[in-house]
Every structure is written in structure tokens, then in C-alpha cells.
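For reference, the structure is listed below as C-alpha cells.
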Amino acid sequence: MDTNYYIDLENRFGATNYKPLDVVLTKGEGIWVWDVNGKKYMDCLSAYSAVNQGHCHPKILKAMIEQAEKLTLTSRAFRNDQLGLLYEELCRLTNSHMVLPMNSGAEAVETAIKAVRKWGYKIKGVPEDKAEVIVCEDNFHGRTITIVGFSTESAYRDGFGPFTPGFKVVPFGDADAFESAVGPNTVAFLVEPIQGEAGVIIPPAGYLKDVRKICDDNNIVLITDEIQTGLGRTGKLLAEEHDGIEADVTLIGKALSGGFYPISAILSNEDVLGVFMPGEHGSTFGGNPLASAVALMALKVLIDEEMIENSAVLGEYFKEGLKDMDSPHVKEVRGLGLFIGIELYPKAGGARRFTEALMADGILAKETHDNVIRFAPPLIIKKDEVDWALERIGGVLAGG
Ligand SMILES: *Cc1c(COP(=O)(O)O)cnc(C)c1O
């Protein structure tokens, strides 16, 4: 069976909500993936940072198989012997006091919005149905109706209304704009420490610190969406650490399973997550023993194998290497840890032709919006592998 056979199957029977690069992958190991013809590629997307630990990490695989042979799903009607262990480890690592497990990132965001609304009514004393959550322009928090309703990207929202009320949008990276938008019924500020989907947009230094203070001064819950930036991607366990702050609610997902299984978590404290009483929120698969065992091991290898440190060191090396490249197309190279974006000049004609050329050269990277190429390889990448990538990226971006 060749590439076109699989592409044709997808095109004939699949919904058309993606425009993937036409590479059909069949195997992955570490930072490498192979297509159905046996051609090898370096994965510089890591499934949008879900595969930070590398493809098919053997220890996570082993944990998954062992747990799958014992017990996979109990529902939360009963307890299981893995979930508590995951709670304890997440709290220990992130200094949280209460955890709520879900499956996808969007569900974690939805859950956080439910929690802060209820907190607003029960604790802050906001009048019924008046709670307001402030979000940022160019945000990406997932794809549910409520979430796309407060997106500013027309492709995400057009044709999907009517939307959930109760959200206000302010520019990203502008703490004064946030402060001006605060009203008596503001219950929370939801923000990505670095905007990934918007094109690896890094806010001014100290932004989160300023935002933290404004939230404290106004009794507002600070929610950081670390679904993409968390778990080592930026060279720290959580990106908020770069600003030396702690959010009240932190959302993680993606790499929480090392790419094996959908699992997300809301990390917070009794004050916020304590608002949920039995029956008020739930998920059939959330907190299942298979997901918990996988996540426990995914966290363990992230720490034990020093992937976070590697992300900091090789991220800097990768970024400097990209900056040293001689290319007429590159407007800016920016990033933190192994979370790097190259912004091209509009006259370069869009990033897509470069990601296609990189694919031909054995590097899989994805354009985000029209003019940014994101480089986010698994955090286990080595220096000589970065050199290998830099040589090819340099070749592709040098061309006319
Ligand atoms: C991917 C992502 C989400 C949504 O996660 P899903 O698992 O796709 O629902 C939310 N927020 C951020 C910052 C993300 O990168």
C-alpha cells in the first residue's frame, strides 16, 4: 500500500477540518518518525507538544501495557488505586493542593471556566449569571462552542454561534489593558504564558507578574493555560516559573501522557476546585486508572531523564543556531526552551512552501497561521541532532 492509497482513504471518508502535510506515518521512536515508504523524519512538532517525552517512550509504553492488563476503567463511581498516586505526584511537583482530572485540553478549559464561575457566585459574591471571565486576543484554548465563542480567530468561530456570554477580550501582553477591563463581576483571567497557536508569541518580561498582582488586588482567579507550554516545553516544568509566579488554576494536558492517551488536569486549591460538590461535574473517562498510570510514568521520565533541563539548554542552542542562519525570508526567531517560532516576512509567500520543503528534507514542522514555522521537537533531542536539523533548515530557508 502506498502513500496515495492512505491519503485517498482519508480524503474520501474523513471530515475535511484539517489540511495535513501529505506524509503518512506508520512508526515513531524518540524524535524520529517513519512514513509508509520507510523514509525517516525528525518530528519538530511533537503532536503540538503532546510527545515531549519522545515517541513511544519505552517506560511509558511498559506502564501502559502493565496497567491495561490489570484495569483500564472504573468510572468515578468507584475508586481506583492509580488516581490518588497521580494526584499526589501532581501536587508535589506543582505545589498544587487539589486536582481534577479530565481527558482533553478543551475539557480542562471548560472545567476551569465552570469552577471559576461557581467560585464567583459562592465565594466572591457575584450576582447570579453575571460572572465575567477576561481572555486575550489571539488566544487558543480549544474547540468547544464556549471556547471558540471567545476566540478572535474567524476560522475558529465563524458559523458556530450563538455563543456563550460572559467573556471579555483584551490584548495579550498588555497588563494595563487587562486592569482596565476588570469590573466588579470579573471572576477570572484566562491566559497562555506563551501563545502557541498564535505563532509562539512571547509577552513582555514581567507580564505574568503584573497580571498576578492585578488578580490579587481585585480578588480574581488567575488561570494559566499550560496545555502546550507546560511540562518542560519552555525549559521549566511550568512556563509560569519564568516569571516567578504561581497561578491559582493551572491547566495541563498534551504531554501529561507523553502522547499515549488523552489526559488533562486542572491544578488548583481547595478555594477554587472545592466549589464542586458531588454530582456537579464529571467525566466517564476522567481519572481512569489507565490514564493515571500512564501520566504517572510520563511525569517520572520527564523529571528522571532531565528532559526539562535539556529543553532549556538545547532550546537556547537551537534558537541561537536559527538566529545565525543567513536567510532573506526570516523576520524574527523567538522562543523559550524548545518552543521556537520563526516568523517569515510576508513577501516570503507563506510558511507552507517551506514546511513542504522541510518535509522533503526529512524534517516535519508545521506552519502556524500563515507566516510562522514552529519548531518544537521532543525534549530528548541531542546536540548533534539539532545540528542536523539546523543544516537542513538553513538550506531550505536560504533558497529564493
Ligand atoms: C492544544 C491546546 C488546547 C486544547 O487541547 P485539546 O486536547 O486539543 O482539546 C488548549 N489550550 C492550549 C494552549 C493548547 O495548546
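Ligands are counted one by one from 1 in listed order, and the atoms in each one are counted from 1 as well.
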Inset, instruction - Could you establish whether Tyr48 and ligand 1 come within less than 4.0 Å of each other, counting only heavy atoms on the residue side? - result: no
Which pairs would a plain distance check flag for residues 180-192, meaning a side-chain donor or acceptor within less than 3.5 Å of a matching protein atom at least two apart in sequence or in another chain?
residue: Ser180; atom: OG; partner: Asp176; partner atom: O; Å: 2.9
residue: Thr186; atom: OG1; partner: Gly183; partner atom: N; Å: 2.8
residue: Thr186; atom: OG1; partner: Gly183; partner atom: O; Å: 3.1
residue: Glu192; atom: OE2; partner: Phe140; partner atom: N; Å: 2.9

### Query
Side chains of Met102 and Ser264: closer than 4.5 Å at any heavy-atom pair?
yes
Practice problem: Would you check the N or O atoms of Val109, main chain and side chain alike, for any that come under 3.5 Å of an N or O of ligand 1? | Solution: no
In ligand 1, the atoms that come under 4.0 Å of a heavy atom of Ala106 are 4 (C), 5 (O), 6 (P), 9 (O)
*Distance below 4.0 Å between atom 9 (O) of ligand 1 and any protein heavy atom?*
yes
Yes or no on ring pair (Phe, Tyr, Trp, His ring centres under 6.0 Å) for His329 and Phe354, after CA distance, side-chain angles and deciding distance?
CA-CA 10 Å; His329 306 301; Phe354 296 102; 5.1 Å; yes
Minimal heavy-atom distance between Lys209 and Ile245, with the atoms involved, is CA-CG2, 3.7 Å
The atoms of ligand 1 lying under 4.0 Å from a heavy atom of Asp225, numbered in the order shown, are 10 (C), 11 (N), 12 (C), 13 (C)
Decide whether Tyr41 and Asp35 meet the rule of one side-chain donor and one side-chain acceptor closer than 3.5 Å. yes
Within 4.0 Å of some non-hydrogen atom of Ile227, the atoms of ligand 1 are 2 (C), 3 (C), 10 (C), 11 (N), 12 (C), 14 (C)
Glu305 side chain to Leu302 backbone, donor-acceptor under 3.5 Å: no
inquiry  = Tell me whether Glu29 at atom CD has more than 12 heavy atoms from other residues, nucleotides or ligands lying less than 6.0 Å away.
reply    = no
Ligand 1 to Glu192, heavy atom cutoff 4.0 Å, flagged ligand atoms 13 (C)
The protein heavy atom nearest to atom 5 (O) of ligand 1 is Gly105 CA, 3.3 Å
Going by the 4.0 angstrom heavy-atom rule, the piece of Lys254 near ligand 1 is side chain
